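The structure appears below as structure tokens.
Proteins get letters first, then strands, A, B, ... in listed order; numbering begins at 1 in each. The structure presented is a predicted model; accordingly, all values stated were derived computationally and were not measured.
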Amino acid sequence: MAHKDKLVLTTDAAVADIPDGTSILFGGFGGAGFPNNLIQALARRGTKNLKIISNNCGTGDGEAGILFKNRQIRSVISAFPGPGAKYFQEQYDAGLIELELVPQGILCERMRAFGAGIPAFYSPVGVGTEVARGKEERVIEGKRVILEKALGADYAFIKAHIADKLGNLVYRKAARNFNPVMATAGKTTIVEVEKVVEVGELDPEAIVTPFVFVDRIVVAKGLRYV
Amino acid sequence: MAHKDKLVLTTDAAVADIPDGTSILFGGFGGAGFPNNLIQALARRGTKNLKIISNNCGTGDGEAGILFKNRQIRSVISAFPGPGAKYFQEQYDAGLIELELVPQGILCERMRAFGAGIPAFYSPVGVGTEVARGKEERVIEGKRVILEKALGADYAFIKAHIADKLGNLVYRKAARNFNPVMATAGKTTIVEVEKVVEVGELDPEAIVTPFVFVDRIVVAKGLRYV
Amino acid sequence: MSNPRLTREQIAARAALELPDGACVNLGWGIPNLTAAYVPTGRRAYFHSENGILGMGPRAKSGEEDFDLVDAMKVPVTLVPGASFFSQVDAHVMTRGGHLDVCILGGLQVSEKGDLANWRVPGAKGAGGIGGAMDISVGAQRLIVTMEHNAKDGSAKVVKQCTYPLTAIECVSTIITDLALIDVTPQGLLLREVAPGFSPEEVQAATEAKLSWSGKIPEMLV
Amino acid sequence: MSNPRLTREQIAARAALELPDGACVNLGWGIPNLTAAYVPTGRRAYFHSENGILGMGPRAKSGEEDFDLVDAMKVPVTLVPGASFFSQVDAHVMTRGGHLDVCILGGLQVSEKGDLANWRVPGAKGAGGIGGAMDISVGAQRLIVTMEHNAKDGSAKVVKQCTYPLTAIECVSTIITDLALIDVTPQGLLLREVAPGFSPEEVQAATEAKLSWSGKIPEMLV
């Protein structure tokens, strides 16, 4: 995509074309690195019937919580919905929402596989557990493994610290977490950042996500849910 | 391993225990990022019957070339032996050496899988070509794929720009290439660096290879083969 | 059994003795997380967090928290010199790939084969959550489980076969409880130490799985 | 056929017109590599190298070479603003994962289904070498092959079926030669442009595979 088109002025504009029924990856872990401003914009837009992939399922009204509260989400792939995921838990208990629980590292690896053009892989994680149910199992080099499929989505909503105007990204401390891999696994990747700098200002050695993985950039500050 | 033991004084000491018949990964691509000083030390040591994994097979006497010249190598896994790999080519033509040719990205991915605890994966690369020979083929999500196995080795010889005394590494420009993934795929990883700094001097955000992947560090300068 | 069992802190302190100098270590929620405070003098341990940190230091002081620098339990932490940040993907390259020296997790049940159940009580309300425990259990070079020896209702947690949903099979190396330190070996569970004042027979009585021991069993250092 | 065929530079220049503004592009050895010099004014292309660079600029000037900053052909290069370095693994996440907009490779043979053979001449001495071509071919969003239309012995390189060892099957989108620009479509090879002075019939005569065309075929802009 032509670089000049990536910078979007508002979070509302950044999500204006997200259709009902789409799939979205959400970055963030432990209160850090969540694209909270994009999520709020999606809540305002009211997009329905979403399939989301996210390590957790919100913290109260925060993070993805508001989307559950608004009944915008149909299904979830998650490693740890979390004790703070009040609206998710209510809807899950009521049978209103589909959940696929995935080990956290396998969630990472499945998204990485998607981004890397690897359709599937064999993993020892989950062998002999509920996670293996319905999955092909075999023995490779003497080790029991199960088949895991690549996992991507129509969109990735991620959070980074600084972007340049091309879309090169750097993160801040443990707010990096799921964001770089999700940038590679979303067909359209939308990033909210605290700051945008001119092209050339970021150190080429220190760029974590090269701009080839980024489609839209929006500057948005200050939402965190602890 | 206790951090204080990692720093080795000479390249000869760094390779002093490498046994005949072992397997070694060599970093480097396009003349940059080769652990040339370690390779020279291994040539001096005279270790025989090596199984090496390396993108290329030497440039004249340089890079892995000296090990071929000395007949220290029994088999090679490589993506591009290269026109400069004179000794390798002679021995290959004479049937003295085993070669497995692997697509470059799959060479990367197989080593990454090893380092990441993923025993095998399915890839579309090489389907319908010589590379697919003898490999399991199937269709996943409508795509023809072949089974590729993880690839590790007893040792990794890598080159980095700067290490701290714990073994955290940063690289320089395109000399990064295969080195970070090999650090994860060698059971014992030995790095040659241009400079060692105190622990804490490297920026935690900029460290490319965390010290957990590094077993021995040696400072050695100046060998490059163009 | 008139002697008190060990406290959670004492279990953690005993577990900390298992950390070799320079070890890279992942700690799970609960008792495992307490271990960091008990690393023996003269040894250094580098704590790993699955959200992408190697080299976590103590909890951040009040007023000095950086909420982009949190551990896997969302607690603001600090860094030690030599620490690094990386992605969640790379954090699990470390766990699953066998690069961490020791991992310590909590347990609901451990079987005599070393199967671990620690993520869900059967019949519990809610969706539950796996987190990083499965990747950690499968990949750990050495997996130590720290837990109370018996559940609140007195039932054994060291069992012949886990009845709770499994985290991973045949993954546990050592079990450290408020009553004992037990190694999982190919020959079954080997009682290595008992809590001060307890006999091997008393520990066996509190254990569903069969323990073996020989000679005099030392007391746990606490 | 009295008109001269296009030069290698002219093939490269025509290929460069296919690069959209802002495109991320990988160029193979030979004619593809020449393309970088012909990016049309007003457009920007970001060149990717499989050794871990996105945003390569022109070749470094003599005396200013940095031999840690080389392209996949070992040539010292420069960077454009916005460039980044990454590992070979991540470079191939970009190729195989379909993240590059256009890849341009050389060819020995291209079949009417878009199979590509470009890494080895059968019977050639030596071990040969695959390099990154297979990953690039499989992953490219759009793969353009630039090559001479015929081999030195006059034999066709655009063929019904490749007889040379394959690089990848059904991967080529467009073939640009010194005689023609041809799209690979589900209906077969579609002749879109001819070199100045050549007729579609002349191009077909130099081609083993069947070409289709309709109406007047424009000349290649060179």
Side-chain angles (χ1 to χ4, degrees), chain B residues 1-7 108-121 150-154 156 160 162-171 180-189 196-217, chain C residues 19-26 39-40 42-57 66 68-70 77-103 132 134-143 168 171:
Chain B
M1 175 198 266
H3 44 94
K4 55 179 170 270
D5 302 321
K6 286 187 185 175
L7 199 56
C108 291
E109 203 65 17
R110 288 178 61 193
M111 293 189 287
R112 184 191 175 277
F114 186 92
I118 300 295
F121 58 90
L151 177 63
D154 296 326
I162 305 175
D164 68 20
K165 289 181 177 173
L166 269 179
N168 287 305
L169 305 179
V170 295
Y171 302 88
V181 73
M182 287 180 171
T184 73
K187 286 170 202 160
T188 297
T189 291
V196 172
V197 299
E198 292 301 320
V199 175
E201 285 190 42
L202 296 176
D203 176 1
E205 302 275 10
I207 289 168
V208 174
T209 295
F211 70 87
V212 70
F213 298 115
V214 175
D215 297 286
R216 296 179 201 166
I217 309 160
Chain C
L19 304 179
D21 187 28
C24 293
V25 181
N26 184 288
V39 178
R43 292 191 213 169
R44 209 169 295 182
Y46 295 92
F47 294 104
H48 166 276
S49 187
E50 51 265 49
N51 54 336
I53 313 174
L54 182 63
M56 280 190 299
D66 179 341
D68 281 341
L69 177 47
V70 291
V77 293
T78 56
L79 295 184
V80 301
S84 56
F85 295 112
F86 36 85
S87 69
Q88 204 106 8
V89 173
D90 288 342
H92 282 295
V93 166
M94 294 181 195
T95 65
R96 203 180 41 240
H99 302 283
L100 300 180
D101 300 291
V102 182
C103 297
M134 289 192 182
D135 301 271
I136 291 168
S137 299
V138 164
Q141 284 179 32
R142 183 167 178 219
L143 179 64
C171 59

| note | Interatomic distance, CG@C:D90 vs CZ@B:F213, rounded to 0.5 Å, equals 7.0 Å
| message | I'd like to know which of C:A83, C:G98, C:G82 tops the heavy-atom pair count under 4.5 Å against chain B. | response | C:G82
| query | Should B:I207 and C:F86 be marked as a side-chain contact (heavy atoms from CB on, under 4.5 Å) after you check the CA-CA gap, both sets of side-chain angles, and the distance that decides it? | reply | CA-CA 8 Å; B:I207 289 168; C:F86 36 85; over 6 Å; no
| query | How long is the gap from CZ on C:F85 to CG on B:D203, to the nearest 0.5 Å? | reply | 9.0 Å
| From CA spacing to verdict: side-chain contact (heavy atoms from CB on, under 4.5 Å), C:C24, B:F211 | CA-CA 10 Å; C:C24 293; B:F211 70 87; 3.5 Å; yes
| request: Please list, chain by chain and in numerical order, all residues satisfying side-chain hydrogen bond (donor to acceptor under 3.5 Å, both in side chains) with B:E109, sequence neighbours excluded. | output: A:R112, D:R96
| query | Considering the options B:L166, B:N168, B:D164, which one meets the side chain to side chain contact (heavy atoms under 4.5 Å, CB included) requirement together with C:S84? | reply | B:N168
| field | Sorted by number, residues from residues 135-143 of chain C in contact with chain B (heavy atoms, under 4.5 Å) | value | none
| field | chain C contacts, top residue of B:A206, B:G200, B:A185 (heavy-atom pairs, under 4.5 Å) | value | B:G200
| query | What part of C:I53 gets closer than 4.5 Å to chain B, counting heavy atoms only: side chain, backbone, both or neither? | reply | neither
| said: Between C:H99 (side chain only) and B:G115 (backbone N and O only), is there a donor and an acceptor less than 3.5 Å apart? | reply: yes
